[in-house]
Amino acid sequence: DSGVTQTPKHLITATGQRVTLRCSPRSGDLSVYWYQQSLDQGLQFLIQYYNGEERAKGNILERFSAQQFPDLHSELNLSSLELGDSALYFCASSVVPGALREQFFGPGTRLTVL
Amino acid sequence: AQSVTQLGSHVSVSEGALVLLRCNYSSSVPPYLFWYVQYPNQGLQLLLKYTSAATLVKGINGFEAEFKKSETSFHLTKPSAHMSDAAEYFCAVSANGANNLFFGTGTRLTVIP
């Protein structure tokens, strides 16, 4: 158990819908990262927050957005969902940003778009 | 730009045999390199990381990796495979100072009893 929690574990929805994925970082971690793991794209970095502010952006679609709240939990919002958005979405956290800081991964949310 | 290439999407070894998982990197700046393991239905767990100190890096569960700049490689090895090593392994790279990781496509390790 990494200490990172993600809800829900599984999510099944239809094309065109909007969903919100939630992540609670490890106690004391200020930085949160979101990753998408899909069969065709592999594991891709989406976005990073540090203490409530966006810190780095990766291959995140405009239909996706995220935020980190004052209590440091983070939400990833996916809208106008397409079949290709079906994937495993991971949240990770670290004490502070930086490549040397170990990122602890949550168990993921499996999103299925029908 | 940084990237990693993992050679072999599937590797099978017998229990007790040497494990060798290959990773080659591309980076325009000195890289930080990582190996992560993903067990079924779980998130990723850090095995080890290279941060420009010793070129031979020892990690958890008996794994180690050697950074070879001349070969742009960071292969993961374990002298003797155990059934519990069956999992998917990801190599990742980060540019010096950058925040995010670029992952390879993963190698699924099967251990045959």
Side-chain angles (χ1 to χ4, degrees), chain A residues 1-7 9-10 21 23-26 29-51 53-60 66 87-110, chain B residues 1-10 23 25-54 57-60 63 67 74 87-108:
Chain A
D1 185 354
S2 67
V4 178
T5 59
Q6 291 187 246
T7 57
K9 273 193 163 181
H10 302 276
L21 313 183
C23 168
S24 293
R26 290 189 324 154
D29 284 359
L30 301 179
S31 195
V32 169
Y33 309 75
W34 285 98
Y35 291 87
Q36 179 195 58
Q37 186 179 31
S38 63
L39 284 175
D40 52 347
Q41 298 287 333
L43 194 58
Q44 288 194 103
F45 166 72
L46 294 178
I47 197 164
Q48 181 209 1
Y49 280 82
Y50 171 58
N51 211 16
E53 300 290 325
E54 183 183 304
R55 183 71 179 237
K57 225 170 185 176
N59 297 326
I60 188 166
L88 195 51
Y89 291 85
F90 287 109
C91 169
S93 72
S94 65
V95 174
V96 290
L100 291 183
R101 302 294 182 176
E102 179 175 351
Q103 295 182 27
F104 294 86
F105 282 74
T109 293
R110 184 169 295 281
Chain B
Q2 302 82 40
S3 66
V4 290
T5 301
Q6 291 185 243
L7 301 174
S9 58
H10 291 87
C23 173
Y25 70 90
S26 172
S27 178
S28 55
V29 297
Y32 295 157
L33 294 159
F34 307 79
W35 275 100
Y36 279 83
V37 61
Q38 184 180 24
Y39 297 103
N41 301 312
Q42 292 187 30
L44 280 75
Q45 180 184 7
L46 181 66
L47 277 177
L48 49 81
K49 63 183 178 186
Y50 166 76
T51 58
S52 75
V57 181
K58 294 187 184 299
I60 62 171
F63 284 94
F67 173 73
F74 190 57
E88 185 138 22
Y89 291 80
F90 292 90
C91 182
V93 64
S94 177
N96 195 348
N99 293 312
N100 50 293
L101 300 171
F102 294 90
F103 286 90
T105 50
T107 297
R108 184 169 297 279

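In what follows, chains are A, B, ... by sequence order, proteins preceding strands, each numbered from 1. Not measured: the values here are computed from a predicted model.
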> In Å, rounded to the nearest 0.5 Å, how long is the span from CG of B:Leu101 to CD of A:Gln48?
Replying inline: 10.0 Å

> With a cut-off of 6.0 Å (strictly less than), are more than 12 heavy atoms of other residues, nucleotides or ligands near CZ of A:Arg26?
Replying inline: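 Enclosed: over 12 neighbouring heavy atoms sit under 6.0 Å from CZ of A:Arg26.
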
>> More than 12 heavy atoms of other residues, nucleotides or ligands under 6.0 Å from CD1 of B:Ile60: yes or no?
In response: yes

> So which of A:Leu43, A:Ile47, A:Val4 has the largest heavy-atom pair count under 4.5 angstrom toward chain B?
Replying inline: A:Leu43

>> Name the residue from A:Tyr33, A:Tyr35, A:Phe45 that meets the ring-ring contact (aromatic ring centres under 6.0 Å, His included) definition with B:Phe103.
In response: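 Among A:Tyr33, A:Tyr35, A:Phe45, the one that satisfies the ring-ring contact (aromatic ring centres under 6.0 Å, His included) with B:Phe103 is A:Tyr35.
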
> When A:Phe105 is tested against each of B:Phe34, B:Tyr36, B:Tyr39, B:Phe90 for ring-ring contact (aromatic ring centres under 6.0 Å, His included), which residue passes?
Replying inline: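 By the ring-ring contact (aromatic ring centres under 6.0 Å, His included) criterion, A:Phe105 pairs with just one of B:Phe34, B:Tyr36, B:Tyr39, B:Phe90: B:Tyr36.
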
>> Can you tell me which portion of B:Gln38 sits under 4.5 Å from chain A's heavy atoms? Options are side chain, backbone, both or neither.
In response: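 Side chain only.
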
> Contact part of B:Phe102 toward chain A, heavy-atom cut-off under 4.5 Å: side chain, backbone, both or neither?
Replying inline: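 No part of it gets close to chain A.
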
> Checking A:Gln37 against chain B: side chain, backbone, both or neither under 4.5 Å from a heavy atom?
Replying inline: side chain

